[in-house]
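Here the structure is laid out as structure tokens; the discussion comes afterwards.
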Amino acid sequence: MNRNAFGLAMAAGALFLAACGGGEDTGETLAQQAADKRILHRGNTAEPLSLDPHKAAGKWEDAIIGDMFVGLYTDNAQAEPIYGMAENHTVSSDGKTWTFTLRDAQWSDGTPVTANDFEFAFRRIMDPSTLSQYASLLYVIKNAQPVNEGAMDPEQLGVTAVDEKTLRIELEYPAPYLPGLLTHHTAFPVPRHVIDEYGAAWIQPGNVVVNGPFKLTEWRTNDYVHVAKNETFYDADNVCLNEIYYYPTNDNNAAVRRLRAGELHINSEFPGQKIEELREQLPGYVRVSPFLATVYYVYNVQRPPFDDARVRQALAMALGREFMVDEILKTGQLPAPGLVPPGIANYGDGAKVDWWDMSMDERKARARELLEEAGYGPENPLRFEYTHRNTSDNPRVAPVVQADWEDIAEWVDVEITGVETQIHYDNLRAGNFDVGDAAWASDFNDPINFLYLLETKTGQMNYGKYSNPRYDALIEESNRTLDMEQRAQLLHEAEQIMLDDMPIIPMWYFVTKNLVSPEVTGWEDNVVDIHRSRYLCFEDAAPAGAGAVSEAEADAAGG
């Protein structure tokens with residue numbers, strides 16, 4: 001769609017934009033008004049359950065939280081780590097102590113951001129009473145696991161405010177990927193003075209205080225989240241947008257209609273089977289690129305029949321991934337022989353299941369043999385439920401999954417159930433499922449971010465409660481290995497052990513599937529599909545220096 005056509009499409013959304021602050025009719029097209037007022041409308045997959053950095057777990061929540069808060073490191077437009085609240089750092093010779101000097105920055109109420117805010121935040125997320133689902137991501141910090149499990153007091157966590165401008169983080173083992181990890185919302189500071197006053201309600205509009213480029217102003221459940229520019233943000237002069245609306249676009253077909261009507265500028269998904277139609281009808285909108293993400297199915301290994309590895313292997317090998325990616329998804333996904341996606345740093349080629357090169361006929365025959373060995377047949381049929389997210393192409397894939405499994409033998413009976421994304425993941429974390437679909441997108445570019453999911457200590461994010469002492473020992477050994485090549489070998493061995501156990505079924509490596517109006521500038525495709533709104537603008541609307549990155553920030557990537 002060219003710019004004139006986009007203006008006509010925006011006119012169709014007049015009532016919608018007026019309700020959202022589109023402004024009076026001055027003779028401009030509504031597209032021009034949106035650009036002039038710098039108001040962005042983003043489709044964001046699902047309704048957030050929480051915008052508290054320590055309570056959130058979904059990518060759709062991170063998209064909003066990452067616009068409101070900034071950690072020691074933050075993401076640049078290419079989603080590479082750059083300095084955020086930190087302005088420099090040093091690392092000890094053993095790689096286990098990182099000391100950060102903070103920049104001059106303020107919370108949105110004018111209160112200075114200090115090292116004490118970080119000390120409080122790290123202790124808060126590790127405090128078991130916080131009930132953080134994602135705390136295990138930070139177990140690299142000294143004493144984090146025992147603190148999170150209630151065996152130590154939060155004051156014993158290896159995070160110390162040396163003074164107001166100096167923060168020291170001690171690690172259990174060297175972590176060269178720490179800058180990337182610290183861009184994640186689990187590592188964001190939170191304002192103690194506000195939390196002390198409002199408790200759990202601190203994150204609500206009217207109460208919330210932030211240190212990032214945008215501040216929460218309104219949240220209408222299942223309608224939209226509205227944020228406005230935070231003028232106290234340290235780089236506010238280079239932030240173009242004044243307001244952003246995020247919409248829970250569970251229905252991608254409906255989201256496409258809203259894009260065509262000019263009601264959205266961006267949506268973070270689209271129906272894969274419509275890619276050619278979208279390229280024709282919305283020229284320049286379709287953005288597909290490699291993505292460090294894996295779709296996988298997880299077994300509840302705590303309940304029969306999935307406590308039997310023969311059953312798990314049989315069901316895994318019977319799925320026709322090639323058909324699914326070529327005929328249903330259609331946007332460049334790759335069948336996955338393992339969990340860790342190709343192209344991830346510090347790893348090389350990943351492990352793969354040992355039956356990967358067998359034909360589908362051979363796989364189906366072997367799957368039947370394994371199920372019969374496990375005691376299933378006409379007199380003891382295999383029955384279970386497969387649950388999936390009701391978003392993206394998942395509902396279209398589910399009947400194919402069901403057919404593949406039931407094709408193993410006439411005595412395999414599979415019920416399929418679609419569930420809203422947030423509820424589905426809640427069920428996974430609670431162990432309320434037989435087999436469920438899931439996806440993991442990289443929080444930072446290192447294989448441990450995927451492989452940690454199957455560690456016994458990971459907790460809620462290890463949905464099926466898989467536990468293998470040898471797997472755990474290899475991951476632990478890799479954590480303490482300074483030689484990166486040897487570390488990669490240990491991680492590869494661990495992944496192979498896990499695949500032989502098959503507590504999960506790797507399905508396909510994902511690609512980004514975004515629809516972005518050509519009117520929007522500053523969007524950079526990247527392998528982790530993170531797009532912070534501080535870098536976005538509209539054509540001919542950017543202030544001088546918008547999207548610029550300071551020299552100090554640019555020098556900060558890496559350790």
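Everything numeric here is computed off the predicted structure, so don't read it as measured data.
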**Asked** Can you name the side chain to side chain contact (heavy atoms under 4.5 Å, CB included) partners of Gln460, sequence neighbours left out?
**Response** Gln133, Arg429

**Prompt:** How far apart are the C-alpha atoms of His41 and Glu263, what are their side-chain angles, what is the distance that settles it, and do they pass the side chain to side chain contact (heavy atoms under 4.5 Å, CB included) test?
**Reply:** CA-CA 7 Å; His41 297 274; Glu263 297 176 1; over 6 Å; no

Closest heavy-atom pair and its distance - [X], [Y]:
{"X": "Gly71", "Y": "Pro189", "answer": "CA-CD, 3.9 Å"}
{"X": "Arg123", "Y": "Pro154", "answer": "CG-O, 3.4 Å"}
{"X": "Leu264", "Y": "Tyr247", "answer": "CD2-CD1, 3.4 Å"}
{"X": "Leu72", "Y": "Leu182", "answer": "CD1-CD1, 4.0 Å"}
{"X": "Phe270", "Y": "Lys513", "answer": "O-NZ, 3.1 Å"}
{"X": "Gly464", "Y": "Val298", "answer": "N-CG2, 3.7 Å"}

Is any side-chain heavy atom of [X] closer than 4.5 Å to a side-chain heavy atom of [Y]?
{"X": "Arg534", "Y": "Phe233", "answer": "yes"}
{"X": "Tyr245", "Y": "Val225", "answer": "no"}
{"X": "Tyr73", "Y": "His89", "answer": "yes"}
{"X": "Thr97", "Y": "Ile169", "answer": "no"}
{"X": "Arg168", "Y": "Phe100", "answer": "no"}
{"X": "Asn267", "Y": "Asn252", "answer": "yes"}
{"X": "Tyr471", "Y": "Leu454", "answer": "yes"}
{"X": "Thr387", "Y": "Asp437", "answer": "no"}

Is there a donor in the side chain of [X] and an acceptor in the side chain of [Y], or the other way round, less than 3.5 Å apart?
{"X": "Asp52", "Y": "Ser50", "answer": "no"}
{"X": "Ser268", "Y": "Arg42", "answer": "no"}
{"X": "Asp446", "Y": "Asn449", "answer": "no"}
{"X": "Asp127", "Y": "Thr130", "answer": "no"}
{"X": "Arg389", "Y": "His424", "answer": "no"}

**Prompt:** Would Tyr234 and Asp104 satisfy side chain to side chain donor-acceptor pair (under 3.5 Å), going step by step from the backbone distance to the final call?
**Reply:** CA-CA 8 Å; Tyr234 66 84; Asp104 290 330; over 6 Å; no

**Message:** Determine whether the aromatic ring centres of residues Tyr134 and His184 are separated by less than 6.0 angstrom.
**Reply:**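 When the ring centroids of His184 and Tyr134 are compared, they turn out to be within the sub-6.0 Å range.
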
Could you tell me whether a side-chain N or O of [X] sits under 3.5 Å from a main-chain N or O of [Y], the two making a donor and an acceptor?
{"X": "Ser442", "Y": "Phe444", "result": "yes"}
{"X": "Gln422", "Y": "Glu47", "result": "yes"}
{"X": "Asp153", "Y": "Gln156", "result": "no"}
{"X": "Asn143", "Y": "Gly158", "result": "no"}
{"X": "Thr512", "Y": "Ser289", "result": "yes"}
{"X": "Lys37", "Y": "Asn242", "result": "no"}
{"X": "Glu149", "Y": "Pro146", "result": "no"}
{"X": "Thr183", "Y": "Thr74", "result": "no"}
{"X": "Asn394", "Y": "Thr391", "result": "yes"}
{"X": "Ser132", "Y": "Lys55", "result": "no"}

**Prompt:** Do Leu167 and Val159 pass the side chain to side chain contact (heavy atoms under 4.5 Å, CB included) test, and can you show the C-alpha distance, the side-chain angles, and the key distance before you say yes or no?
**Reply:** CA-CA 7 Å; Leu167 184 77; Val159 178; 3.8 Å; yes

**Prompt:** Going by an N to O cut-off under 4.0 Å, is there a salt bridge joining Glu218 and Arg220?
**Reply:**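 So Glu218 pairs with Arg220 through a salt bridge.
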
**Residues Asp529 and Arg287 bridged, charged N to O under 4.0 Å** = no

**Request:** Going by the ring-ring contact (aromatic ring centres under 6.0 Å, His included) test, name the single residue among Tyr246, Phe538, Tyr285 that passes it with His265.
**Result:** Phe538

Residues 203-212, side-chain donor-acceptor partners within the protein, below 3.5 Å, at least two apart:
{"unit_1": "Asn207", "atom_1": "ND2", "unit_2": "Ala201", "atom_2": "O", "d": "2.9"}
{"unit_1": "Asn211", "atom_1": "OD1", "unit_2": "Val70", "atom_2": "N", "d": "3.0"}
{"unit_1": "Asn211", "atom_1": "ND2", "unit_2": "Val70", "atom_2": "O", "d": "2.9"}

**Request:** Given side chain to side chain contact (heavy atoms under 4.5 Å, CB included), test Glu172 with Gln145 step by step and report yes or no.
**Result:** CA-CA 10 Å; Glu172 292 283 356; Gln145 184 179 355; over 6 Å; no

**CA sep, side-chain torsions, deciding dist, call: Ile195, Val190, side chain to side chain contact (heavy atoms under 4.5 Å, CB included)** = CA-CA 8 Å; Ile195 295 174; Val190 292; 3.6 Å; yes

**Message:** I'd like to know whether NZ of Lys142 has more than 12 heavy-atom contacts from other residues, nucleotides or ligands below 6.0 angstrom.
**Reply:** no

**Item:** side chain to side chain donor-acceptor pair (under 3.5 Å), paired with Trp107, selected from Thr232, Thr114, Asp117, Asn230
**Value:**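 Exactly one pass, corresponding to Asp117.
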
**side-chain contact (heavy atoms from CB on, under 4.5 Å) partner of Leu491, the single match among Leu451, Asn479, Asn346** = Leu451

**Item:** Option passing side-chain contact (heavy atoms from CB on, under 4.5 Å) with Val227 (candidates Glu243, Lys215, Met68)
**Value:**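 Filter result, single survivor: Met68.
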
**Message:** Is the terminal nitrogen or CZ of Arg103 (NZ for Lys, CZ for Arg) located under 6.0 angstrom from the six-membered ring centre of Tyr83 and within 45° of that ring's axis?
**Reply:**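 No cation-pi geometry.
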
**Asked** Looking at CG of Asp443 and CD1 of Ile530, how far apart are the two atoms once the value is rounded to the nearest 0.5 Å?
**Response** 7.5 Å

**Request:** On the 0 to 90° scale, with breaks at 30° and 60°, tag the Tyr463-Tyr296 ring pair as parallel, tilted or perpendicular.
**Result:** parallel

**Request:** Please state whether the rings of Tyr425 and Trp60 are parallel, tilted or perpendicular, taking 30° and 60° as the class boundaries.
**Result:**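 Ring orientation of Tyr425 relative to Trp60: tilted.
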
**Message:** For residues 515-534, which residue pairs pass the ring pair (Phe, Tyr, Trp, His ring centres under 6.0 Å) check, not counting sequence neighbours?
**Reply:**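 Matches after skipping sequence neighbours: Trp523-His531.
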
